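What you are looking at is a predicted structure, and each value in this text was computed from that prediction instead of being measured. Only heavy atoms go into these numbers, but all of them, side chains included; no hydrogens, no water, no symmetry mates.
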Amino acid sequence: MLVSEAMKNFRYILHDVSGEYDDRACLLRLNHAAHYVAHALAAMSSPLVATEETLTEGGSVPDGFLRTCGSYPLRLTGTGVHFLDGSKEMSVRFFREPAPLTDATEEMPFPLASLNDFTVRLAAMYALNRNEFDVSQDKGLLDELAALAKSALGGGS
Amino acid sequence: MTPAEIMTRVRQEPSVRDMDATKYSDYDVLAALNTTCDEVYHALGTMSNELLDRRVVLSLEKENEDAPDEETAVYFAKLPADFLQVVSVLRDEDTALLPCLKTEGLTRTGYQITGDAIYALSPSVVLVYRPAFLPLTLADVDADMELPRLFFHLVVKYTAGFLTGAMSEQDATVVAALVKDVRALVSGRGYSRLDAAPAWRV
């Protein structure tokens, strides 16, 4: 799903016929929501946000680094990497949050359409909340969806 | 049986369920496997069995280069890195050496172990010993282990327990259970055909 498509859906859910949300406002909400979804996936140790890269001694962790998958003999200070076993480099599996969306021509961050769709709905809920609508009903529905998606993805253990 | 096989099977265990390696790194699984193997080796070390016994021919060096007589010169060699206990020491294939008392000198028929070296009055000895477990690293995971395959499920069970924290090596009951399981696997391994001597025979 392209970000332009996601923004279209976002405005559609909000009934934003007057173009109240410009692209920048849409991206801001979508980024909030995407980070929330990425953190939720990382919290349930989902491989969808796991990645593997070679880190080097004395280097920094890659952008978007959340935490390693399990423990490695490495010590982080801020973003600095120090290996405790004397290695010069090490292949490390870690959870990564997606880079912020900046442009309508980009792809949405998740490999599953349902997760991108969930991101849009969450973004819309944030927007409605800012507009001081009562979103408790929406939140309840989204929570249900989140729980379902979690078991579908094999998490929750 | 390779560590890699065990590690994959451990990730499959219901208590672990981590084939994607997102909860536990290979370092985590290997650390738990090392703990298990260490305990298994210790357990085997306390039992009478020859399962892991190793035989090496040691070339000994003269302790004092200026020793006058070849016959009385003392020779020594460093023990293997994984040495745990002596099973036997042979000077040649048919002469077993006996441990000499620490308070007395070496004899032609004896050996002494001091620190991490063995001393004897012979330039070469055959050492049969029981090894300790040397921790595996990720470079060793595809090499065959010395533990025979019959230990596979025992090792998987305890590795999964140590990995998830359900078991702890500090817990004496866990260690006792492990020792019991090891004993059940290996007891009488080499002697199962021994006939029981009737009590009434004189």
Side-chain angles (χ1 to χ4, degrees), chain A residues 35 37-57 61-62 64-76 81-98 109-112 115 146 149-157, chain B residues 2-39 81-82 132-143 155-171 174:
Chain A
H35 282 159
V37 174
H39 290 178
L41 288 169
M44 59 188 260
S45 295
S46 166
L48 286 172
V49 285
T51 182
E52 185 161 346
E53 266 185 38
T54 302
L55 306 188
T56 47
E57 167 70 31
V61 290
F65 177 97
L66 288 174
R67 66 179 164 95
T68 55
C69 304
S71 65
Y72 283 79
L74 69 82
R75 179 171 294 160
L76 294 177
V81 176
H82 170 54
F83 297 126
L84 302 174
D85 64 350
S87 307
K88 291 281 161 251
E89 53 179 37
M90 187 183 290
S91 184
V92 176
R93 291 171 64 77
F94 60 94
F95 295 107
R96 170 181 244 165
E97 64 175 29
F110 301 109
L112 286 179
L115 286 176
K150 197 170 173 181
S151 32
L153 290 168
S157 55
Chain B
T2 63
E5 276 178 73
I6 297 173
M7 288 162 72
T8 306
R9 185 66 185 76
V10 165
R11 289 192 184 280
Q12 211 181 354
E13 280 290 284
S15 58
V16 181
R17 285 264 182 260
D18 186 34
M19 288 307 252
D20 301 316
T22 54
K23 293 182 205 158
Y24 304 102
S25 69
D26 284 347
Y27 288 91
D28 293 328
V29 185
L30 198 63
L33 175 60
N34 278 337
T35 305
T36 307
C37 289
D38 202 47
E39 295 293 344
D82 58 349
F133 179 70
L134 296 182
L136 299 164
T137 67
L138 284 179
D140 311 319
V141 293
D142 292 319
V155 172
V156 167
K157 171 179 151 186
Y158 285 95
T159 304
F162 292 138
L163 180 66
T164 56
M167 294 178 190
S168 161
E169 60 171 327
Q170 275 111 38
D171 186 341
V174 169

Worksheet item: Hey, does the side chain of B/Thr22 reach the backbone of A/Ser45 with a donor-acceptor pair shorter than 3.5 angstrom?
Response: yes
Worksheet item: Judged by atom type as modelled, is there a donor-acceptor pair below 3.5 Å linking the side chain of A/Arg93 to the main-chain atoms of B/Asp26?
Response: no
Worksheet entry | Pairing residues for B/Thr8 by the side-chain contact (heavy atoms from CB on, under 4.5 Å) criterion, not counting sequence neighbours | B/Met19
Response to the item:
Hits for ring-ring contact (aromatic ring centres under 6.0 Å, His included) against A/Phe83, two or more places apart or cross-chain, chain-then-number order -> none
Fill in: Residue A/Phe95 versus chain B: region with a heavy atom under 4.5 Å
side chain
Worksheet, complete the sentence: One should read off an interatomic distance between B/Tyr27 OH and A/Thr68 OG1, to the nearest 0.5 angstrom, of 11.5 Å
Fill in: Residue pair B/Ala21 / A/Cys69: nearest heavy atoms and the distance that separates them
O-CB, 3.5 Å
